[in-house]
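As structure tokens, the structure follows; a few thoughts come after it.
Side-chain atoms are counted along with the backbone in the values below, which use heavy atoms only and exclude waters and symmetry mates. Just follow the structure's listing: the first ligand is 1, and inside any ligand the first atom is 1.
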Amino acid sequence: MPVPTPSRQAPAAVLCAVAGWVPPRVVTNDELAQRLDTDDTWIRTRTGIRRRHVAGPGQATSDLAVEAGRLALHSAGLAPAGSPTVGKSPVDTVIVTTTTPDRPCPATAPAVAARLGLDRVAAFDVGAVCTGFVYGLATAAGLIAAGVAQRVLLIGADTYSTIVDPLDRANAIIFGDGAGAVVLRGGHPDEPGAVGHFDLGSDGTHEDLIMVAAGGSRRRSAGAGAGAGAGAGAGAGTEAGVGPELARAERYFAMRGNEVYRHALTRMAASARATLTAAGWKTDDVDHFVPHQANLRILHSVADDLGLPRERCVANVDAVGNTGAASIPLALADAAAQRVVRPGDRLLLTAFGGGLTWGSCLLTWPELSPPPHPYAPLVPHGTGEDSPS
Ligand code: COA
């Protein structure tokens, strides 16, 4: 569904900083192959992924989000490096978008805001799985256009290693942990950095394609009403609502990879086209396509479908895997750090994820202080090395 751009009088959300952070521990394909029936060649040719970063023991999503948020505030000139902000809060709203919150309740954003020293700001989570960052951008843009917020810190952060079964070779190879953050301020819709047009969509009839079946109100965690829920399902009315241990498959992230692959291609291409049409842009106007880093084959196929040369596709999935809601801001931070995107370049961001959900957004890159590189780069973009067949 194309989203109408706010009227001329309404302030636009303008990007004024980007940053990314990944946990230091690197897991290579060879390391995965030591415990799973897989190998480096299979993973590289099917996904383009060569390594991913994984949270350490006890490291939660908020820990990653705080690091990325701190770097973004510093890049925006709003906070000293490495310490909490002091005095008047430099942003009035913190949005964290994640599929792996620290806990089911409360949201992760208030704790992140508190740890960044952002006193009494509005803070809440947005959940749209891997589309979360684009939904979060649209939410921030709406708050700024409505005059509810003036400066927003938007963080996409995920620790999929906490929900993917380490013995599930189909999913364990794909996901990595990370966080990316942007700062948005109110500004003019025509100035560089202004975000919009947007296209957002969903199709909940396919919710089963990407799912963690248990742990919510439909199917609760063991020891907290497990087996209850689902109407008069098994376990309802048992003592203290305690039901049987959940099957392994229900506790972990599940994905029907083949079907997801097909949906990702069609939905991302359609969303990108809808956004370009709404803005009156031609494909050739796009200098950089920044898709959700699901799988290099998906990114290249969508670029091909749109008629965009693959060199214009910003891809860092080789180095970080699929980092969920963090993937687009991490790719932006990577590209900004390497000066791949330059002031005046026109960007198309397109995401796809569980729900199903999808979304796209356009922006012209502003003058920004380049962030530190979020991780040690593997190979320069566009060399074609290790391209999957
Ligand atoms: N190593 C080796 N073999 C593997 C494997 C692995 N890590 N994972 C699966 N296989 C096997 C399968 O068991 C299957 O074996 P079989 O033919 O004996 O049954 C074979 O490889 C082919 O499986 P298939 O699922 O058809 O492979 P694929 O080419 O579709 O690739 C994905 C699997 C997951 C890489 C691919 O479907 C994909 O990328 N899907 C999209 C996932 C995604 O991007 N999700 C995020 C969206 S936000």
Quick one: does [X]'s side chain get under 4.5 Å of [Y]'s, heavy atoms only?
X	Y	answer
Arg51	Leu32	no
Pro366	Val14	no
Leu184	Ile144	yes
Ser89	Arg120	no

Residue [X] vicinity, atoms of ligand 1 by number, heavy atom under 4.0 Å:
X	result
Arg46	22 (C), 27 (O), 28 (P), 29 (O)
Asn322	46 (C)
Cys130	48 (S)
Phe352	48 (S)
Ile173	7 (N)
His292	48 (S)
Thr47	35 (C)
Asp37	1 (N), 2 (C)

Please determine whether ring-ring contact (aromatic ring centres under 6.0 Å, His included) holds for the pair Tyr261 and His263, giving the CA-CA distance in whole Å, both sets of side-chain angles, and the decisive distance to 0.1 Å. CA-CA 6 Å; Tyr261 193 100; His263 278 285; over 10 Å; no

Would you verify that at least one protein heavy atom lies under 4.0 Å from [atom], or report that none does?
atom	answer
atom 24 (P) of ligand 1	yes
atom 27 (O) of ligand 1	yes
atom 5 (C) of ligand 1	yes
atom 18 (O) of ligand 1	no

Close approach of Ile174 to ligand 1, heavy atoms, under 4.0 angstrom: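 Heavy atoms of Ile174 do come under 4.0 Å of ligand 1.
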
Would you call Ala170 a ligand 1 contact, heavy-atom distance under 4.0 Å?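 It does; at least one heavy atom falls under 4.0 Å.
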
Qualifying residue for side chain to side chain donor-acceptor pair (under 3.5 Å) with Thr100, from Thr162, Thr61, Asp177: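 It is Thr61, the one option of Thr162, Thr61, Asp177 that forms the side chain to side chain donor-acceptor pair (under 3.5 Å) with Thr100.
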
Spacing of [atom1] belonging to [X] relative to [atom2] belonging to [Y], to within rounding of 0.5 Å:
X	Y	atom1	atom2	value
Ile173	Trp42	CD1	CH2	4.5 Å
Ile155	Arg70	CD1	CZ	10.5 Å
Trp21	Asp63	CH2	CG	8.0 Å

Does the pair [X]/[Y] count as a salt bridge with the N-to-O cut at 4.0 Å?
X	Y	result
Asp318	Arg44	no
Asp284	Arg312	yes
Arg256	Asp208	yes
Arg151	Asp92	no

Check each of Thr38, Thr357, Thr99 against atom 7 (N) of ligand 1 and report the one with the nearest heavy atom.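 When every heavy atom of Thr38, Thr357, Thr99 is considered, Thr38 comes closest to atom 7 (N) of ligand 1.
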
Option nearest atom 39 (O) of ligand 1 (shortest heavy-atom distance, choices Ile49, Leu356, Asn295, Thr131):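 Nearest heavy atom to atom 39 (O) of ligand 1 lies in Asn295.
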
Does any N or O in the side chain of Gln293 come within less than 3.5 Å of the main-chain N or O of Pro291, such that one atom is a donor and the other an acceptor?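 Checking the backbone N and O of Pro291 against the side chain of Gln293, a donor-acceptor pair under 3.5 Å is found.
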
Looking at [atom], what's its closest protein heavy atom, distance included?
atom	answer
atom 45 (N) of ligand 1	Met255 SD, 3.2 Å
atom 47 (C) of ligand 1	Val260 CG1, 3.7 Å
atom 33 (C) of ligand 1	Trp42 CH2, 4.0 Å

One residue to check: Ala294. Relative to ligand 1, which of side chain, backbone, both or neither has a non-hydrogen atom less than 4.0 Å away?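 It is both backbone and side chain that touch ligand 1.
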
Location of contacts on Ile43 toward ligand 1, heavy atoms closer than 4.0 Å: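 No part of Ile43 comes within reach of ligand 1.
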
State whether the shortest distance between N or O atoms of [X] and N or O atoms of ligand 1 falls below 3.5 angstrom.
X	answer
Arg169	yes
Asn258	yes
Gly257	yes

